[in-house]
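The structure under discussion appears below in the form of structure tokens.
Residue numbers count from 1 along this sequence.
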Amino acid sequence: IIGRSVDILIEPGQFKVIGSLEDAGMKVETFIHDVQALVDGQKAYNTKPNAFGADPYFNNYHPYDEVLQYVEGLAAKYPHLATTITIGKSYQGRDLRVLVIGANKTTTPVGAWYDGGLHAREWITTPTVLYMTAKLLENYGTDPEVTRLLDGMIIHVLPVHNPDGVVYTWGGDRMWRKTRAPNSGSSCVGTDPNRNWDFHWGGAGSSSNPCSDSYMGPKAFSSIEVETVAYYIKAQGNIRGYINFHSYSQLWMSPWGYTSDLPPDFKKQDGLSAAATAALKTLYGTTYQHGSIATTIYPAAGSSADWCYGVANVLYSYGVELRDTGRYGFLLPPEQIIPSGEETYLALKVFLQRTLDNV
């Protein structure tokens, strides 16, 4: 997009690229001198206590198996509020584990959903999702607003939407984005799970090239992870709020992604975006932009937010890009996990309040 910055990852010894860009009149700033060193550092555990009580969990990023252990731990700690269910399996057979929270899980007519880990390299999304969920559970009974939310809603949380891809970032390519299912007729693996939803599939911002990071797949819902979540959301019949957390860029975005035209509910959707980002900013001053997906970041057909609004009739449907704006990008240091969780929690409460009150 003209007028916006572009992040480029180059191999060692390819610094002539910088000179070429400067010769072309572009301003170049080096953010990370050694990407591999940063990657290695994020896998080294810090076990000291942190601001989240005495629990050091949020000092670090955690592999998939440890995420599941934490999810099960939350359900065990708050059995009156939380249960876990496996809604399906990934292509490689890993659980799609959902944490369902609410005080009245059998009678509540209002549902909400949020998830992380759809794009594998976006590590900050999963601990942010878990931090916020833990705070909701912890504050029930003491925070009147949280108590009202969990009394009046069923909230479905999927911390790792693309487990095969996430596992691959831990043992293979840290910058991997897609799923890990093979593609017929190509040596390139994986589909972009946020271009594979069955609503205006194959449109702007998606690629038919299996080697592209934005590969849309051979058909809509070809990714089992995507199809499973879509089926689950639609089957509930009461989901009125949806957030698909991504990183990075600090954006809170609503439909549409497939076109720059605005949907009929945009004013109401963007009003929630404005309120949520204003609440988020109050803690650390972190600024988010908001608007429709296509006009705020880029066109992206076949996205989860478009499908949830356009097919599943989820009014408050969003794609949210978490910290930062490029200084670290996908390699956000673990020291920022708790601040990300704290500030986004304030926005999440606004989202849940609007979702409940609208119904």
Side-chain angles (χ1 to χ4, degrees), residues 7-9 11 35-36 39 42-43 61 63-65 67-68 87-97 115-126 129 158-232 244-249 257-258 293 297-307 319 321-322 329-331:
D7 297 338
I8 301 174
L9 177 66
E11 296 179 0
V35 170
Q36 189 60 53
V39 169
Q42 289 185 355
K43 296 179 181 179
Y61 291 107
Y64 167 76
D65 289 344
V67 170
L68 292 192
I87 65 171
K89 300 282 188 178
S90 68
Y91 172 78
Q92 295 179 341
R94 296 182 176 90
D95 287 348
L96 296 174
R97 192 76 55 83
D115 62 58
L118 183 62
H119 285 148
R121 63 193 177 193
E122 298 168 7
W123 280 14
I124 188 60
T125 61
T126 292
V129 162
L158 177 61
V160 185
H161 197 315
N162 175 16
D164 297 347
V166 168
V167 169
Y168 188 67
T169 62
W170 279 82
D173 181 358
R174 173 63 180 84
M175 293 299 176
W176 187 258
R177 168 183 167 101
K178 301 188 289 181
T179 63
R180 291 297 299 167
N183 293 308
S184 178
S186 174
S187 61
C188 294
V189 172
T191 293
D192 182 343
N194 209 32
R195 300 292 186 275
N196 192 238
W197 296 70
D198 195 10
F199 184 78
H200 289 272
W201 173 81
S206 58
S207 174
S208 59
N209 179 1
C211 299
S212 169
D213 268 354
S214 298
Y215 178 50
M216 60 192 183
K219 63 180 181 178
F221 286 161
S222 60
S223 293
I224 187 62
E225 300 86 355
V226 172
E227 183 182 44
T228 298
V229 169
Y231 177 84
Y232 178 85
N244 179 209
F245 283 105
H246 292 267
S247 71
Y248 56 96
S249 286
Y258 80 92
I293 297 167
I297 188 168
Y298 43 62
S303 73
S304 62
D306 276 11
W307 182 89
E321 299 279 353
L322 297 172
F330 302 121
L331 301 175

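Side-chain contact check for N209 versus Y215: every heavy-atom pair is 4.5 Å or farther apart. No side-chain heavy atom of W123 sits less than 4.5 Å from a side-chain heavy atom of S247. Looking at L331 and M175, their side chains come closer than 4.5 Å, going by heavy atoms from C-beta outward. Between I297 and H246, the closest side-chain pair of non-hydrogen atoms is not below 4.5 Å. Within the 4.5 Å cutoff, the side chain of Y61 has heavy atoms near those of the I124 side chain. Using a 4.5 Å heavy-atom cutoff, the side chains of F330 and Y248 are in contact. The shortest distance between side-chain heavy atoms of V129 and D115 does not fall below 4.5 Å.
Of the options R94, R180, K89, a salt bridge (charged side-chain N to carboxylate O under 4.0 Å, His left out) to D164 is made by R94 and by none of the others. Under the side chain to side chain donor-acceptor pair (under 3.5 Å) rule, H119 has a single partner from T125, D192, T169, which is D192.
Distance alone, capped at 3.5 Å, is enough to place a donor-acceptor pair between the R174 side chain and the R121 backbone. Judged by distance alone, the side chain of S186 and the main-chain N or O of C188 form a donor-acceptor pair under 3.5 Å. In this structure, N196 contributes its side chain and S303 its backbone to no donor-acceptor pair below 3.5 Å. Between the side chain of D213 and the backbone N or O of K178, no donor-acceptor pair lies under 3.5 Å. Without hydrogens or angle criteria, D306 side chain to A301 main chain gives no donor-acceptor distance under 3.5 Å. The backbone N or O of G203 lies less than 3.5 Å from a partner atom in the side chain of S206, making a donor-acceptor pair.
Going from atom OG1 of T179 over to atom OH of Y168 covers 12.5 Å, rounded to the nearest 0.5 Å. Atom CH2 of W176 sits about 10.0 Å away from atom CG of N162, to the nearest 0.5 Å. Within the model, atoms OG of S222 and CE of M216 stand 9.5 Å from one another, a figure rounded to the nearest 0.5 Å.
In this structure, F199 and Y258 have perpendicular ring planes: the angle between them is above 60°, well past the 30° mark.
Nearest heavy atoms, A305 versus I293: CB-CD1, 3.9 Å. In terms of heavy atoms, A220 sits closest to D198 at CB-OD1, 3.4 Å. The two residues P163 and S90 come nearest to each other via the heavy atoms CG-CB, 3.7 Å. The shortest non-hydrogen separation linking A230 to W197 is CB-CZ3, 3.6 Å.
In summary, the side chains of S304 and N244 do present a donor paired with an acceptor at a separation below 3.5 Å, with no hydrogens or angles considered.
In this view, H161 satisfies the ring pair (Phe, Tyr, Trp, His ring centres under 6.0 Å) rule with no residue, not counting sequence neighbours.
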Could you give me the CA-CA distance, side-chain angles and deciding distance for D95 and Y64, then say whether side-chain contact (heavy atoms from CB on, under 4.5 Å) is met?
CA-CA 10 Å; D95 287 348; Y64 167 76; 3.6 Å; yes
